[in-house]
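The next block holds one structure in the form of structure tokens; read it before the comments.
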Amino acid sequence: MRITAQLRDAVAEALSNAQSAGVLPSAGASEIAIEQPKQEGHGDFATSLPLRLARTMKMAPPAIATAIVEAFPESDVVEKVEVAGPGFINITLANAWFQEQVEVIRAAGAEFGNTDSKSGQKIQIEFVSVNPTGPLHVGHARGAVIGSGLANLLEAAGADVTREYYVNDAGNQMRVYTETLYARYMQAAGHDVPLPETSYPGEYVADLAKDLYEKDGGALVDLPKEEAIKALYQPGLDRNLALIKEDLEELNISYDVWFSEQSLFDTGRFDATMKELEDGGFIVDRDGARWFASTQLGEDKDNVVIRSTGGHTYFASDIAYHAEKFKERNFDQVIDVWGADHHGHVARMKAAATALGVDPNKLEIILNQIVSFKEDGESLRFSKRKNVIVTVRELVDDVGSDAVRYTFLSRGAESQMEFDLDLARKQSSDNPVYYVQYAHARLSGILRNARETGIDWADGDVSLLTHELEIALIRQITGLPDVVERSADRLEPQQIPHYATEVARALQRFYDACRVISEEEDDLPISKARLKLVESARIAIARCLTLMGMNAPERM
RNA sequence: GCGCCUGUAGCUCAGCGGAUAGAGCGCAGCCCUGCGAAGGCUGAAGUCGUGAGUUCAAAUCUCACCAGGCGCACCA
């Protein structure tokens, strides 16, 4: 059991002891929150329970605190329990407990930080899912990083995670794209064919058309237009998906499932879902189109699922897709990471889930605010439809994958952030992004030196770790499982980079004050003990970096 | 107009209803003939957008207002 849970139990026991002894009234239940005080001198852990109980118990908080402290169960883990401030209970742990954690962490190795708070849960997380009509542009990088970071986190919390990309290979945009590709193909063949009214004007389409033209020797030129377009569909899709995959790999992102929208039609899932909605009375025909009657579920307006032209809307296939997620694959939780420009889609998607008999709370939508980019002091707006494309690849080449990931992960999804491209490019050795990595490299260096000097620290005695900064470092490291659990619960990956920074800071302060490898023969015992500490610190920092999808360099 | 999100140090951003609001960058200093100075230490810098309210306690919850972003398609 983790220390926070142990302490929670201890406080609960103390409370009930005091109550059965008649010292405290039995009234007043409150959740016991164990927190880590940010202020030094306030113990290793603290609870504000007495302050919370004051009202229902009709007693002064310090009096309640005193009663709990006096009834606190004996324990060799807890060194000191005291009343402090307006009614806090501050708990100080025994050094022996911290020292022991060094061994616990070394034994856990790469598994350290894992929890079981989400174990047994089958969670699907869908992110990026950009139309396969071109390379990923920078605007998609944020959702990509947040989605993948979150997936790592949920996995660490014990969930069975499926990372998924929804490929819109059956919609309008794909049609527009392929028509553009056709026009470019004909142009490559020397025909003066204009781009369609709505098109993808980017050069990359022309490049692909030229490739295809050269490869097939112009075989499509004489075909009827519709047939040629049909023939171009698959190569266009394949090429773009390949590009997208490569770009995502640049950001250290991979998927378990690439889910085809078209497959919903091929398997009949789409029709079955529409029928289910219809049978439920949620479909109305109006103005020649078919509508999902979301107003029946309290929405502002209905939404078209089948256009008067007969084509399905994006919304319609997304409903079928979510039906598949919940009813076919039985996910306990489905998380969609969308750009904030899709937020109008949230309420109706949840309404659709409800209409299908799915608890809408199982569908969690994370909206990440659109990133704006700044260059030469000016805010830029990128749009795929205009001819300005700054791709994810260009961003990664400029700034580096680790820096991109760290930057996006360290900010909450809902913060409206501005990415200063000049600054990002400028960032080099003083980049704060590298603070955590540097700590890892430094720790690796110490361990490397120790090995090269022939020190075997396997029998190191951790009870020698009594220095204030040694204990402080251990205290930081041991917090990882709690951080993982909390950030997984709240779906807030930004807590990891901040925590990692704190561990790195504790490490640097320790390093500054405590010599690890010494030439003095007499220092060997403490050297060995500190090597164990260094090893456990490296494990914690490496784990954070892995969770963030960043490299944990041995040297820099 | 209606809805959602955001407003915290010069800049970029953290902040779990609780004790003296934090970090990085930038700025002013100090510290390597000892494991990596991509580091450590000290300092300056804040009406937590504004105003009310709830609470023993509000940056955090409620409401109003101001400013910015996004949405309100038979686009995705």
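Reckoned from all heavy atoms, side chains included, excluding hydrogens, waters and symmetry mates. Quick caveat, the model's predicted, so the values are computed rather than measured. Each chain gets a letter, A, B and so on, in the order its sequence line appears, and its residues count up from 1.
- In the set B:A38, B:C74, B:C56, the nucleotide with an atom closest to the side chain of A:S308 is B:C74.
- Atom C1' of B:C66 sits at a distance of 29 Å from the matching atom of B:A23, rounded to the whole Å.
- Two residues are said to be in side-chain contact when any heavy atoms from C-beta on lie closer than 4.5 Å; A:H440 and A:L545 meet this criterion.
- Between B:U6 and B:G24, the two P atoms lie 25 Å apart (nearest whole Å).
- To the nearest angstrom, C1' of B:G36 lies 9 Å from CD of A:Q508.
- We find that the ring of A:Y511 and the base of B:G40 do not stack by the test of centres under 5.5 angstrom and planes tilted less than 30°.
- The residue A:R348 sits close to a base: some heavy atom pair falls under 4.0 Å.
- For the residue pair A:Y406 and A:T501, a side-chain donor N or O sits within less than 3.5 Å of a side-chain acceptor on the partner.
- One C1' atom belongs to B:C13, the other to B:U8, and the distance between them is 9 Å to the nearest Å.
- The phosphate of B:G40 has OP1 or OP2 within less than 4.0 Å of a side-chain N or O from A:Y435.
- A stacking contact between A:H498 and B:A23 is absent: the pair does not combine a ring-centre distance of less than 5.5 Å to the base's six-membered ring with planes differing by less than 30°.
- Set against B:C74, B:C70, B:A19, the side chain of A:A46 has B:A19 as its closest nucleotide.
- Looking at A:S415, its side chain has no donor and acceptor atom pair within 3.5 Å of the base of B:C13.
- A close approach under 4.0 Å does occur between a side-chain nitrogen or oxygen of A:R505 and OP1 or OP2 of B:G24.
- Nucleic acid contact for A:D287: base, since at least one base atom lies under 4.0 Å from a heavy atom of the residue.
- A:L443 has its CG atom 15 Å from the P atom of B:C35, to the nearest Å.
- When heavy atoms are screened at a 4.0 angstrom cut-off, A:E554 is found touching base atoms of the nucleic acid.
- A:M417 has its CE atom 6 Å from the P atom of B:C13, to the nearest Å.
- Classified by its glycosidic torsion, B:C16 falls in the anti category, the angle being over 90° from 0.
- In this structure, B:C61 forms a base pair with B:G53, meeting either the Watson-Crick or the G-U wobble geometry with both donor-acceptor distances under 3.5 Å.
- The A:M556 side chain lies nearest to B:A38 when the options are B:C13, B:A38, B:C70.
- Here the separation of B:U47 from B:A9, taken at their P atoms, is 8 Å to the nearest Å.
- Two residues are said to be in side-chain contact when any heavy atoms from C-beta on lie closer than 4.5 Å; A:I365 and A:I335 fail this criterion.
- A sub-4.0 Å separation between OP1 or OP2 of B:U55 and a side-chain N or O of A:R55 is absent.
- A donor N or O paired with an acceptor N or O is found under 3.5 Å between the base of B:G3 and the side-chain atoms of A:H343.
- When each of B:A76, B:C70, B:G15 is scored by its nearest atom to the side-chain atoms of A:Q494, the top-ranked nucleotide is B:G15.
- A:G412 comes within 4.0 angstrom of sugar-phosphate atoms only, judged by non-hydrogen atoms across all strands, and of no base.
- A salt bridge links A:K325 with A:E126: at least one charged nitrogen is closer than 4.0 Å to a carboxylate oxygen.
- Using the Watson-Crick or G-U wobble rule with both distances under 3.5 Å, B:C41 pairs with B:G29.
- Panel note: side chain A:T180, backbone A:Y200; a donor-acceptor pair is recorded below 3.5 Å.
- Across all strands, A:R290 comes closer than 4.0 Å to no nucleic acid atom at all (heavy-atom distances).
- Cation-pi contact between A:R348 and A:F292: absent, since separation from the ring centre below 6.0 Å together with deviation from the ring axis within 45° is not met.
- When the nucleotides B:G69, B:G22, B:G39 are ranked by their closest atom to the side chain of A:Q416, B:G69 comes out on top.
- B:C16 is unpaired under the Watson-Crick or G-U wobble criterion, no partner having all donor-acceptor distances under 3.5 Å.
- Distances were taken from every side-chain heavy atom of A:A84 (C-beta onward) to each of B:A19, B:A14, B:C35; the shortest belongs to B:A19.
- Only the P atoms considered, B:G22 is 39 Å distant from B:C2, to the nearest whole Å.
- Taking atom P on both B:G10 and B:C5, the two are 28 Å apart, rounded to the nearest angstrom.
- For A:E468, the CD atom sits in a loose shell: 12 or fewer heavy atoms of surrounding residues, nucleotides or ligands are nearer than 6.0 Å.
- When the P atom of B:G17 is taken as reference, atom CG of A:L53 falls 17 Å away, rounded to whole Å.
- Across every strand in view, B:U47 sits unpaired, with no contact that passes the Watson-Crick or G-U test at under 3.5 angstrom.
- Whole-Å rounding puts the A:K301 NZ to B:C2 C1' distance at 13 Å.
- The nucleotide whose nearest atom lies closest to any side-chain atom of A:S48 is, among B:C74, B:G18, B:C35, B:G18.
- When distances are taken from the side chain of A:D341 to each of B:U12, B:A76, B:G71, the shortest belongs to B:G71.
- A straight line from CZ of A:R509 to P of B:C31 spans 19 Å, rounded to a whole angstrom.
- Among B:C13, B:A23, B:A19, the nucleotide with an atom closest to any side-chain atom of A:N90 is B:A19.
- Across the strands present, B:C70 finds its partner in B:G3; the criterion is a Watson-Crick or G-U wobble pair with both atom distances under 3.5 angstrom.
- When rounded to the nearest whole Å, the span between CD of A:E414 and P of B:C5 equals 7 Å.
- You'll find that the side chain of A:I517 is closest to B:C35, out of B:C35, B:G18, B:A76.
- B:G49 and B:U60 have their P atoms separated by 8 Å, given to the nearest Å.
- Residue-to-nucleotide proximity on RNA chain B shows that, of A:P86 and A:G344, the 5′-proximal contact is made by A:P86.
- One interatomic measurement links the two molecules: CH2 of A:W338 to P of B:C5, which rounds to 16 Å at whole-angstrom precision.
- Base pairing annotation: B:A21 forms no Watson-Crick or G-U wobble pair, as no partner gives both donor-acceptor distances under 3.5 Å.
- Side-chain contact annotation: A:S487 with A:E492, donor-acceptor N/O pair under 3.5 Å absent.
- Where A:A413 and A:A54 each meet RNA chain B at their nearest nucleotide, the meeting point lying more 5' is that of A:A413.
- Here the separation of B:A14 from B:U33, taken at their P atoms, is 41 Å to the nearest Å.
- Put simply, the side chain of A:L409 does not reach to within 4.5 Å of the side chain of A:M550, judged on heavy atoms.
- Expressed to the nearest 0.5 Å, how far CG of A:D300 lies from OG1 of A:T295 amounts to 9.5 Å.
- For B:G36, there is no paired base (Watson-Crick or G-U wobble, both distances below 3.5 Å).
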